[in-house]
Each structure stands twice: as C-alpha cells, then as structure tokens.
Student: 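I'd like to ask some things about the structure below.
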Amino acid sequence: QVKLVESGGASVQAGGSLRLSCEASGYSDVINCMGWYRQAPGKEREGIAAIYPPDGSTYYAQTVKGRFAISQDSAKNTVYLQINSLKPEDTAMYYCAADPSVCASVTGSVSAPSVSTYWGQGTQVTVSS
C-alpha cells in the first residue's frame with residue numbers, strides 16, 4: 001500500500017521559511033491527489049494545498065493567502081510544501097495525504113478527505129516570535 005513519510009519540520013522564528021517534504025512509496029499503484037494538511041492542538045484539521053501528480057495541477061486552500069506553495073519531483077515520488085513568512089499561527093503538525101479526495105477537500109469542495117486516504121506520520125512546525 002501507499003506509504004508517506006514527511007520531513008523538514010523544525011522550530012523557526014517568525015518570518016522564516018521552511019520546505020516540507022513528503023516521500024511516497026507505492027504511489028504508482030493508484031492514481032491519487034497528494035496534499036498537505038495541518039492540525040494545531042485543540043483545532044480542527046485544516047487542508048493547505050494539494051497536487052495531482054499526473055499533470056502537476058495544484059490546488060490551494062483559500063486561507064493560505066499566498067504563503068504556501070506545493071510542488072513535486074515526480075522522479076523521486078516526492079511532494080514539497082514551501083512555507084514562507086512563517087507566523088506563530090502556522091505552528092502545527094503538518095501531514096501529507098494521498099487520495100483522489102484530497103484535491104477536493106483542501107479547496108473545500110468536500111468537507112473532509114475520504115476515509116481511505118493515506119496519511120504520513122506528520123512533521124512538526126513550530127514558529128516563535
């Protein structure tokens with residue numbers, strides 16, 4: 001089955017940047033959208049961005065307001081999330097996900113990704129002032 005492994009989270013100062021990585025294995029077994037979500041303590045899981053690897057189409061949550069960019073390296077089966085101008089409110093656990101529903105869920109077209117969604121273990125981003 002699909003396995004997703006995130007990396008790149010760190011503790012940084014406000015205004016800094018991070019690039020998170022999600023390496024997928026077994027992804028070619030199915031056609032999936034891949035995306036990023038985050039969840040802060042006491043808050044609901046929030047979709048950020050997604051990408052459709054077969055053609056590179058990208059999808060963004062309206063709330064990211066231009067500070068997030070998703071990209072891929074198809075040869076490495078890796079998806080990236082570039083985060084610029086980090087704010088303390090960005091502090092959260094960031095998760096990679098893969099499923100056809102992911103592209104729709106991050107834009108709000110559906111309320112949540114499918115129960116069949118594959119998830120990574122998460123990588124922590126902590127932003128201090």
Side-chain angles (χ1 to χ4, degrees):
Q1 66 181 44
V2 174
K3 181 179 179 181
L4 307 174
V5 180
E6 304 98 328
S7 62
S11 180
V12 299
Q13 296 183 71
S17 299
L18 285 173
R19 189 182 73 164
L20 310 183
S21 298
C22 173
E23 184 177 1
S25 60
Y27 188 81
S28 61
D29 292 340
V30 296
I31 298 175
N32 285 314
C33 291
M34 296 183 64
W36 289 92
Y37 297 76
R38 67 183 180 185
Q39 188 165 26
K43 296 184 178 180
E44 189 177 55
R45 183 178 60 199
E46 177 187 20
I48 302 170
I51 190 166
Y52 185 63
D55 63 12
S57 298
T58 58
Y59 308 86
Y60 292 93
Q62 195 170 16
T63 55
V64 301
K65 300 178 180 179
R67 298 189 298 110
F68 295 77
I70 191 168
S71 61
Q72 67 172 345
D73 184 336
S74 58
K76 296 181 178 180
N77 286 330
T78 300
V79 173
Y80 304 97
L81 183 68
Q82 178 73 33
I83 316 174
N84 297 324
S85 301
L86 281 158
K87 304 176 183 295
E89 64 194 38
D90 294 322
T91 296
M93 185 72 75
Y94 285 70
Y95 297 94
C96 182
D99 188 78
S101 64
V102 168
C103 290
S105 71
V106 300
T107 62
S109 296
V110 297
S111 60
S114 169
V115 67
S116 64
T117 298
Y118 295 99
W119 295 94
Q121 81 287 350
T123 185
Q124 179 69 38
V125 172
T126 301
V127 185
S128 60
S129 298

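All heavy atoms count here, side chains included; hydrogens, waters and symmetry mates do not. The first residue in the sequence is number 1, and the count goes up from there.
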Student: About how many Å separate CG of L86 and OG of S128, when rounded to the nearest 0.5 Å?
Tutor: 10.0 Å
Student: Just jot down the ring pair (Phe, Tyr, Trp, His ring centres under 6.0 Å) partners of Y37, sequence neighbours excluded, or say none.
Tutor: W119
Student: Side chains of T63 and E46 only: does a donor on one sit below 3.5 Å from an acceptor on the other?
Tutor: yes
Student: How close do A61 and G47 get, heavy atom to heavy atom, and via which atoms?
Tutor: CB-O, 3.2 Å
Student: I need the minimum non-hydrogen distance between S7 and T123, along with the two atoms involved.
Tutor: C-OG1, 4.0 Å
Student: I need the minimum non-hydrogen distance between S101 and T117, along with the two atoms involved.
Tutor: OG-OG1, 3.7 Å
Student: Just list the side-chain donor-acceptor pairs under 3.5 Å for residues 11-24, sequence neighbours left out, or say none.
Tutor:
residue : atom : partner : partner atom : Å
S17     : OG   : N84     : OD1          : 3.1

Student: A40 and A92: which non-hydrogen atoms are nearest, and at how many Å?
Tutor: N-CB, 3.8 Å
Student: So, applying side chain to side chain contact (heavy atoms under 4.5 Å, CB included) with I48, which one of Y60, Y95, Y94 is it?
Tutor: Y94
Student: Before you tell me yes or no, could you show the steps for Y59 and I51 under side chain to side chain contact (heavy atoms under 4.5 Å, CB included), namely the whole-Å CA-CA distance, both residues' side-chain angles and the distance that decides it to 0.1 Å?
Tutor: CA-CA 6 Å; Y59 308 86; I51 190 166; over 6 Å; no
Student: In the single-linkage hydrophobic clustering (I, L, V, M, F, W, Y; side-chain heavy atoms under 4.5 Å), do Y80 and M34 co-cluster?
Tutor: no
Student: Return the minimal non-hydrogen interatomic distance between V127 and T91, and the atom names on each side.
Tutor: N-OG1, 2.9 Å
Student: If we count only N and O atoms by modelled type, under 3.5 Å, do the side chains of D99 and S116 hold a donor and an acceptor together?
Tutor: yes
Student: Got a second to check how far R45's CZ is from S105's OG, nearest 0.5 Å?
Tutor: 7.5 Å
Student: Indicate the atoms forming the closest heavy-atom contact of V106 with A49, along with that distance.
Tutor: CG1-O, 3.9 Å
Student: Evaluate the side chain to side chain contact (heavy atoms under 4.5 Å, CB included) criterion for residues Q121 and E6: first the C-alpha distance (whole Å), next the side-chain angles of each, then the deciding distance (0.1 Å), finally the verdict.
Tutor: CA-CA 7 Å; Q121 81 287 350; E6 304 98 328; 2.8 Å; yes
Student: Using the test salt bridge (Lys or Arg N to Asp or Glu O under 4.0 Å), find all partners of R67 that sit at least two apart in sequence or belong to another chain.
Tutor: D90
